[in-house]
A.B. asks: 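Take a look at the following structure, please.
Per chain, numbering begins at 1; letters A, B, ... match sequence-line order.
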Protein chains: 2
Amino acid sequence: MATQGERKAETRQRLLDAAAELFAERGIEGASVDAIAERAERTSGAVYDHFGGKDGLLYALLEGWADDVAAVITAELAAASTLDDRLAALWRNVAHPPTGEGQWIRLEHELWSFAARHDGARARLRQRYEAAWAGIDSAIGEWARDEGMAPPSRPLGPAVIGVLLGLEMMRRLDPNAIDDCTAVATLRGAVGAPQPQKEHAR
Amino acid sequence: MATQGERKAETRQRLLDAAAELFAERGIEGASVDAIAERAERTSGAVYDHFGGKDGLLYALLEGWADDVAAVITAELAAASTLDDRLAALWRNVAHPPTGEGQWIRLEHELWSFAARHDGARARLRQRYEAAWAGIDSAIGEWARDEGMAPPSRPLGPAVIGVLLGLEMMRRLDPNAIDDCTAVATLRGAVGAPQPQKEHAR
DNA sequence: GTCTATATACCGATAGAC
DNA sequence: GTCTATCGGTATATAGAC
């Protein structure tokens, strides 16, 4: 027998999961509160009770989600030992998502587009990205030590994340546009590492 | 005294301009036909007469627009002589748009998000991007000859465009996240050129 | 906390006058 | 070709029963 607190927590989570799915599928403006509630097997009233409205639901989704993505990527990186393996692991996470929902990137873009139009959302999203950038920067620092390279002279986290998202955009338009090898080579450029083989120019 | 044909052409152009603005400002789903018509100083009926509906307006916007962007970028590239200057010109066009409307990138993302959800739009957008990729590829071929580098072993156009869009995403969240120098260095990586100075590692 | 019912507003699209 | 008027559908959000 579930307590009231447990029921409340489950409803909250169901609404968050449903919102993540529908925002990705239909866009943030295209997903109605009713549709979200219906997918969560609740009614629209529950959304207003828990989050005060659609915006509140979006913001809650934004904040409770940073940790999840970061945790997955950190785990993937820990399992790789060479620079190329690590960069390939990063790319794999955006291009061929392993977990059930392969559309978190789409949601990422929805959030970005929404944030480009709404100041409040932009501030929150920026805060999230600053954490991700810092994580990449500290990881790059470790790699540089491992590979015997000099540490970067300025933060490269934004460039790495930007390259990952941008390449994925092209790949979604045409699955053959970006092969794994091109992606890793571009990422090497973003972290300031030289190209290893001579298959690229000079 | 304007002929009927002239009036028709003007109405069409006003509707296209208004749609471009409003799609960028409010998103494609968020911009209503009435609002577009109102900004164009017409009424919603005109949209249906000219384009058959909102989708038709979007597609017309998509197709009539590829040439404009390509022309601007090609002109910028022709004015630059070194590889870094050319890459800097590319970056400048997305990061600090020179022309009046500095928000075509936002519209670009709106189109991408919309295309990710609608197959018909994705096919059209992909066609547009394939032209852009080919343009970059042929430009890279010329640069490689100028700089005495070997030509790339595979198409790099998608990577270059992806990097440009991805870096701009990060810059929009935080204007200081990507400085011009980082952008050019990342683009050098995307086109397979080595880092020139020793300010980066090794 | 969740439901039904509803108020209010706006959406895309069409019909018909001019 | 553009207008007004309007239809049917759906949106957000709230009020009140349970």
A.B. asks: Strictly below 4.0 Å, N to O, side chains only: are A:R126 and A:E130 in salt-bridge contact?
C.D. replies: yes
A.B. asks: Quick check for you: to the nearest 0.5 Å, what is the distance between B:T11 atom OG1 and B:E6 atom CD?
C.D. replies: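 It is 12.0 Å, given to the nearest 0.5 Å.
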A.B. asks: Output the distance between atom CD (B:E29) and atom NZ (B:K54), rounded to the nearest 0.5 Å.
C.D. replies: 6.5 Å
A.B. asks: If you round to the nearest 0.5 Å, how far is CD of B:E168 from CG of B:L173?
C.D. replies: 9.5 Å
A.B. asks: From CZ of B:R26 over to C1' of C:dC10, roughly how many Å is that when rounded to an integer?
C.D. replies: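 Going from CZ in B:R26 over to C1' in C:dC10 covers 12 Å.
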A.B. asks: If I take atom CG from residue A:L16 and atom CZ from residue A:R14, how far apart are they, to the nearest 0.5 angstrom?
C.D. replies: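 Output value for this atom pair is 12.0 Å.
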A.B. asks: Is there a residue in residues 110-118 of chain A whose heavy atoms reach under 4.0 Å of DNA chain D, and which residues are they?
C.D. replies: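 Close to the strand, none.
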A.B. asks: Between B:E6 (CD) and D:dG1 (P), how many Å, whole number?
C.D. replies: 14 Å
A.B. asks: Between atom CD in B:E41 and atom C1' in D:dG1, what is the gap in whole Å?
C.D. replies: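 Atom-to-atom, B:E41 to D:dG1, this comes out as 16 Å.
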A.B. asks: If I take atom CD1 in residue A:I36 and atom P in nucleotide D:dT10, what distance separates them, rounded to the nearest angstrom?
C.D. replies: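 The answer, rounded to whole Å, is 17 Å.
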A.B. asks: Any idea how B:H109 and A:W112 line up, ring-wise: parallel (<30°), tilted (30 to 60°), or perpendicular (>60°)?
C.D. replies: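 Answer is tilted, since the angle falls between 30° and 60°.
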A.B. asks: Could you state the CZ-C1' distance from B:F51 to D:dG1, rounded to the nearest angstrom?
C.D. replies: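 Roughly 13 Å, once rounded to whole Å.
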A.B. asks: Anything under 3.5 Å between a protein N or O and an N or O of nucleotides 12-16 of chain D, put it in a table, one pair a line.
C.D. replies:
from, atom 1, to, atom 2, distance (Å)
D:dT12, OP1, A:V33, N, 3.3
D:dT12, OP1, A:K54, NZ, 3.2
D:dT12, OP2, A:V33, N, 2.8
D:dA13, OP2, A:Y48, OH, 3.2

A.B. asks: Over how many whole Å does the gap from A:L22 atom CG to D:dA11 atom C1' extend?
C.D. replies: 15 Å
A.B. asks: Heavy atoms from C-beta onward define the side chain here; which of D:dC3, C:dG1, D:dG1 lies closest to that of A:Q4?
C.D. replies: C:dG1
A.B. asks: Measure from CZ on B:R42 to C1' on D:dT4 and round the result to the nearest Å.
C.D. replies: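 Rounded to whole Å, this separation is 16 Å.
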A.B. asks: Can you give the donor-acceptor pairs under 3.5 Å from side chains of residues 75-82 of chain A to other protein atoms, not counting sequence neighbours?
C.D. replies:
from, atom 1, to, atom 2, distance (Å)
A:E76, OE1, A:R92, NH1, 3.2
A:T82, OG1, A:D85, N, 3.1
A:T82, OG1, A:D85, OD2, 3.3

A.B. asks: As a test of reading the structure: which of C:dG1, D:dC3, D:dG1 is closest to the side chain of A:K8, going by heavy atoms?
C.D. replies: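 So the nucleotide nearest the side chain must be C:dG1.
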A.B. asks: Identify whether the distance between the nearest side-chain nitrogen and carboxylate oxygen of A:E25 and A:R39 falls below 4.0 Å.
C.D. replies: yes
A.B. asks: Please state whether the rings of B:F114 and B:H118 are parallel, tilted or perpendicular, taking 30° and 60° as the class boundaries.
C.D. replies: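 Ring orientation of B:F114 relative to B:H118: parallel.
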